[in-house]
Amino acid sequence: MVKILFLIVFVSLSYGITSLELAKNIVNSSNKRTQLELLFTNQNYQDSKGNLDIEKISNMLKANSLLNLILPAPETLRLNFKAQTDFILFFEIINNALNNAGYVYFIPTDLVLRDGNIDYTIQVESQYILDPGVFYRLLKENSVYINNIKKVGLNDYEYDLNFDEARLKINANVNLNTTTFLEKPLQDYIILLKGATLLKIDANDTDEWFPKILFLDKNLNLIKSIKSQVKNNHFSEFIPDGSMYAIISDVYSLDNIKRGLKIYLKK
């Protein structure tokens with residue numbers, strides 16, 4: 001069960017750490033500090049945006065046997081994510097990145113919310129620890145960056161995330177006044193509404209679709225949420241004023257629309 005707590009005080013983390021500090025936080029072993037210092041002291045691992053290039057740092061750690069991400073057998077892993085951003089945007093980007101990293105089935109265990117601050121924890125049974133470099137690359141697709149990663153237990157990691165420049169990555173192109181078929185989704189469909197006034201969606205008659213539609217404005221704020229508890233394979237809705245994006249999914253599982261959707265945007 002997810003525990004939702006609203007805290008009076010949310011502790012901010014300090015930013016601007018060096019590559020060496022990040023490497024030490026990821027490895028968290030006093031026996032390896034000398035080797036880490038030799039590899040990372042005065043080394044500048046930054047991407048084009050000036051953020052730490054965690055993919056390069058992770059690859060360097062793995063190449064020097066300082067980071068082992070494969071366990072002898074499946075174990076319970078704990079991952080914690082902290083960010084200051086919109087609730088809808090956070091979960092859309094985090095869940096998609098985790099799915100693409102190979103974590104399709106995981107259990108949310110804690111969720112703390114206050115004034116845009118999010119503290120989210122999941123558990124997953126896996127033989128493979130989340131590769132910081134892969135996760136960095138997946139988040140970067142939505143202009144989300146990692147400020148810090150801390151190994152705080154044997155299989156326990158905390159991620160401090162920066163959503164300041166976050167944007168949704170459009171993964172389905174739908175033209176106006178033309179029916180577009182979208183194939184089986186691997187994640188939620190994200191489309192540009194292009195000034196349309198009406199959204200019509202048809203699921204395959206052999207599927208059972210329970211529509212979940214989110215309309216977002218240009219700043220990725222939620223305008224309207226539709227979640228149907230009733231099967232509706234033929235959906236139609238006027239688009240709220242100011243909407244720029246729609247996230248299209250199923251209330252229960254994307255398997256309910258495994259044969260894809262037909263989408264029509266009316267100007």
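Everything numeric here is computed off the predicted structure, so don't read it as measured data.
The environment of NZ in K200 is sparse: at most 12 heavy-atom neighbours from other residues, nucleotides or ligands sit within 6.0 Å. Within a 6.0 Å radius of NZ in K56, other residues, nucleotides and ligands contribute 12 heavy atoms or fewer. Annotation: I170, atom CD1; neighbour count of heavy atoms from other residues, nucleotides and ligands within 6.0 Å is above 12. The environment of NZ in K194 is crowded: more than 12 heavy-atom neighbours from other residues, nucleotides or ligands sit within 6.0 Å.
Each side-chain hydrogen bond (donor to acceptor under 3.5 Å, both in side chains) pair with one or both residues in residues 26-38, not counting sequence neighbours, appears once here: K24-E37.
When ring centroids are compared, F135 and Y159 come within the 6.0 Å threshold.
For the 3.5 Å distance criterion, the side chains of Q229 and Y252 qualify, holding a donor opposite an acceptor. Counted by atom type alone, S249 and D188 present one or more donor-acceptor pairs between their side chains at under 3.5 Å. Looking at Q187 and N99, their side chains never bring a donor and an acceptor atom within 3.5 Å of each other. Of the N and O atoms on the side chains of Y136 and N51, not one donor lies less than 3.5 Å from an acceptor on the other residue. For the residue pair N80/D119, the side-chain donor-acceptor check at 3.5 Å is satisfied. With 3.5 Å as the limit, one finds no donor-acceptor pair spanning the side chains of E21 and N25.
Placement of I88 and L168 within a single hydrophobic cluster is found when ILVMFWY residues are connected by side-chain heavy-atom separations under 4.5 Å, directly or transitively. The hydrophobic clustering, which links ILVMFWY residues whose side-chain heavy atoms are closer than 4.5 Å, places L214 and I248 apart.
In this structure, W209 and F235 have perpendicular ring planes: the angle between them is above 60°, well past the 30° mark.
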